[in-house]
Colleague: 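First the structure, then my questions, so here it is.
Every value quoted in this text rests on a predicted model; they were computed, and no experiment measured them.
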Amino acid sequence: MTELQVLHIVPRWSDGGATPTILSEAKHARDSGSGIRHRALTLEPGGSLALVKEALRLGLRLHVAPAPAEEAKIVEAAHVVVLHFWNTPSLRCFLDRWRGTPLRWMVHAHVNGVHQPQRLPPMLVSSACHAVLTSPLPNGIATPPGVTVIPAPADLVAVGEVGADTERGSIMHTGTLNVFKLSPHFVTLHAPVADAADPILVIGSGGDEERFQAEASDLGVAEGFRWLGFRSDLRASFASTRLLSYPVSSFSYASSDRVIQFAQSAGVPVLVQRDAPVAYLVRDGVTGILAADLDDFQRKLVAISRREIDLPERRMVAQAAWVDHDPAPKLAKLQLIYRTIEAEVARPVDDGFPDLLSWIDYQVGDVTELQGARRPPLSELRDDSVLARHQRWACEGGLAQYVNAFPGLADCLRWVNG
């Protein structure tokens, strides 16, 4: 079997998104003797130093923001090019540079592709040799032909041993702390169970920590929360946690959250809304509890806090998590897809958008609706219509990101600086 050179295109070598998946693939390819060699090309400089070191340890070659001529050499030398879709200006520029070029390429989408501005362009999917989604499409939408659903693999071995069941233990949330992923209702949902003697542990960062903290203070429950910031190693935290509380935003685009997989493999059950994009990762009563809506979420959270609901045993949660989330079958599926693409005819890269403004129109929509959507108070963001406008303006792939990346857009959208 000839060695297969797979090149991963990512916006940035960061802690989230595609980076952990690529590292898992490189490790699995090395350990399994698959004959596949992975490389990664990042379109932006910077990122996670810890994950750069991990790439070096695994022998994964990184090409960081190369010049166009060098980028062309790297891309053209690859047998398979994997475009990890995340709606960023750097990825948009990459598509412009390579539009119409025949490559053996696939799209690996790390967003659920439903709401603006994180919609997956249909032409990008249909033009590729293959497409992989990290979560099923919502509302029972059928997976299109040529598309495979493979939840993002998580290195469950790194979680460590499962702790013993105990009546003690904290309620914890860990994840990205912004209103596009974490529900703007987070503080009000937890206020009834926020106890200074046994505070809610909140781990993570994301830009909206101060808004959540200020609301907790306004409600007089500041001492009932402990904001611990970003942590790369969650093993000790999971060992002392009874429940991972996970109320996600109505417009969350996180599609295959590794935190849920890590928590469950450590024996920690997860509470999440039934209609959340990540709810498919939870088996009700087995690896967690599904709530019908946010009102039901709060009722269940209060009942769990009062020990009125029996949580699944940690050992059983961990065993079920390995059945549900074992990374080996996922990585084997990806390897098979790469081998299949290698044997296919190259296909031109195309996202269906001839210019930047048409792309923005698809991803963001009518920009005149976004005036005043820059940073509404947290209380206003509990209105889904306000949150939707704010997301289109401010989140990853939102209009603000493109205005910052392409200053010339201000000439087309003069009200932006008004």
Side-chain angles (χ1 to χ4, degrees), residues 15-34 36 51 54 58 108 110 132-136 148-166 169-175 203 231-246 248 254-272 274 276-290 304 309-337:
D15 288 289
T19 304
T21 293
I22 298 169
L23 290 170
S24 294
E25 289 192 58
K27 180 180 178 181
H28 184 74
R30 182 197 65 183
D31 295 346
S32 65
S34 66
I36 296 177
L51 295 188
E54 180 65 10
L58 292 171
H108 197 151
H110 298 267
V132 170
L133 305 180
T134 51
S135 69
T148 304
V149 176
I150 304 177
D155 186 7
L156 303 185
V157 176
V159 176
E161 295 184 2
V162 178
D165 286 297
T166 174
S170 302
I171 293 174
M172 181 177 76
H173 173 81
T174 180
I203 298 175
R231 291 186 176 181
S232 58
D233 189 346
L234 296 172
R235 285 175 291 187
S237 301
F238 285 142
S240 59
T241 299
R242 292 181 61 239
L243 177 77
L244 181 68
S245 177
Y246 217 80
V248 302
S255 57
S256 189
D257 205 310
R258 291 180 181 85
V259 167
I260 290 178
Q261 299 181 50
F262 285 140
Q264 292 171 340
S265 64
V268 179
V270 180
L271 175 63
V272 69
R274 190 177 295 275
V278 294
Y280 75 101
L281 295 169
V282 176
R283 277 195 276 159
D284 196 18
V286 179
T287 58
I289 296 174
L290 296 176
I304 290 168
I309 291 180
D310 292 329
L311 294 174
E313 294 181 10
R314 293 180 71 102
R315 178 178 57 85
M316 301 302 293
V317 173
Q319 289 177 355
W322 269 100
V323 172
D324 294 346
H325 310 314
D326 184 355
K330 305 174 187 178
L331 296 169
K333 286 181 181 179
L334 287 169
Q335 290 181 353
L336 181 60
I337 291 171

Colleague: CD1 of Ile171 to CG of Leu243: how many Å apart, nearest 0.5 Å?
Modeller: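 Reported to 0.5 Å precision, the distance equals 5.5 Å.
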Colleague: Which pair of non-hydrogen atoms, one from Ile289 and one from Asp284, has the smallest distance, and what is that distance?
Modeller: CA-OD1, 3.4 Å
Colleague: State, yes or no, whether a side-chain contact exists between Ile337 and Val132 at a heavy-atom distance under 4.5 Å.
Modeller: yes
Colleague: Give every residue pair that meets the side-chain hydrogen bond (donor to acceptor under 3.5 Å, both in side chains) criterion with at least one member in residues 23-33, sequence neighbours excluded.
Modeller: Glu25-Tyr338
Colleague: Is the shortest heavy-atom distance from the side chain of Ile150 to the side chain of Leu334 under 4.5 Å?
Modeller: yes
Colleague: If I compare all heavy atoms of Pro312 with all of Gly285, which pair ends up nearest, and what's the gap?
Modeller: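 Heavy atoms only, the tightest pair is CG-O, 3.6 Å.
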Colleague: Could you check if a side-chain atom of Arg235 sits within less than 4.5 angstrom of a side-chain atom of Phe262, using non-hydrogen atoms only?
Modeller: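 Arg235 does not reach Phe262 side chain to side chain.
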Colleague: Rounded to the nearest 0.5 Å, what separates atom OG1 in Thr134 from atom NZ in Lys330?
Modeller: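 Answer rounded to 0.5 Å: 10.0 Å.
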Colleague: Starting from the C-alpha separation in whole Å, work towards a yes-or-no answer on side chain to side chain contact (heavy atoms under 4.5 Å, CB included) for Leu58 and Glu54.
Modeller: CA-CA 6 Å; Leu58 292 171; Glu54 180 65 10; 3.8 Å; yes
Colleague: Counting only N and O atoms by type, is there a donor-acceptor contact under 3.5 Å from the side chain of Arg314 to the main-chain atoms of Ala266?
Modeller: yes
Colleague: Taking the side chain as C-beta and beyond, is there a heavy-atom pair between His325 and Leu156 under 4.5 Å?
Modeller: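 Yes; the side chains approach each other to less than 4.5 Å.
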Colleague: Give the minimum heavy-atom separation between Arg274 and Ala279, together with the two atoms involved.
Modeller: O-CB, 3.4 Å
Colleague: Quick one: does Val282's side chain get under 4.5 Å of Gln264's, heavy atoms only?
Modeller: yes
Colleague: Closest heavy-atom contact between Ser237 and Arg231?
Modeller: OG-NH1, 3.4 Å
Colleague: Starting at CG of Leu331, measure out to CG of Leu336 and round the result to the nearest 0.5 Å.
Modeller: 13.0 Å
Colleague: Would you call Thr148 and Leu133 a side-chain contact if the rule is heavy atoms closer than 4.5 Å?
Modeller: no
Colleague: Check whether Thr287 reaches the backbone of Arg283 with its side chain - one donor and one acceptor, N or O, closer than 3.5 Å.
Modeller: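 Indeed, once roles are kept as given, a pair shorter than 3.5 Å links the two residues.
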Colleague: Between CG of Leu271 and CG of Leu244, what distance do you get to the nearest 0.5 Å?
Modeller: 9.0 Å
Colleague: Examine distances only and state if a side-chain atom of His173 and a backbone atom of Ser245 form a donor-acceptor pair shorter than 3.5 Å.
Modeller: yes
Colleague: Shortest non-hydrogen contact from Ala29 to Gln335?
Modeller: CA-NE2, 3.9 Å
Colleague: Could you tell me whether the side chain of Val272 reaches within less than 4.5 Å of the side chain of Leu290, counting heavy atoms only?
Modeller: yes
Colleague: Carefully, step by step, assess Leu23 and Leu51 under the rule side chain to side chain contact (heavy atoms under 4.5 Å, CB included).
Modeller: CA-CA 8 Å; Leu23 290 170; Leu51 295 188; 3.8 Å; yes
Colleague: Which residues satisfy the side chain to side chain contact (heavy atoms under 4.5 Å, CB included) test with Val248, sequence neighbours excluded?
Modeller: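 Checked Val248 against side chain to side chain contact (heavy atoms under 4.5 Å, CB included); matches are Tyr246, Ser252, Gln273, Ala276, Pro277, Val278.
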Colleague: On a heavy-atom basis, which atom in Pro269 and which in Gly288 lie closest, and how many Å separate them?
Modeller: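 Between these two residues, the closest heavy atoms are CB-CA, 3.9 Å.
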Colleague: Ile203 and side-chain contact (heavy atoms from CB on, under 4.5 Å): which single residue from Leu234, Val259, Thr241 fits?
Modeller: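 When Leu234, Val259, Thr241 are each tested with Ile203, the side-chain contact (heavy atoms from CB on, under 4.5 Å) holds only for Leu234.
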Colleague: Rounded to the nearest 0.5 Å, what separates atom CD1 in Ile304 from atom CD1 in Ile309?
Modeller: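 Reported value, rounded in 0.5 Å steps: 5.0 Å.
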Colleague: Do Met172 and Thr174 have side chains that get closer than 4.5 Å, going by heavy atoms?
Modeller: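 Yes, close enough: below the 4.5 Å cut-off.
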Colleague: What distance separates Ser265 OG from Asp155 CG, expressed to the nearest 0.5 Å?
Modeller: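 The distance works out to 9.5 Å.
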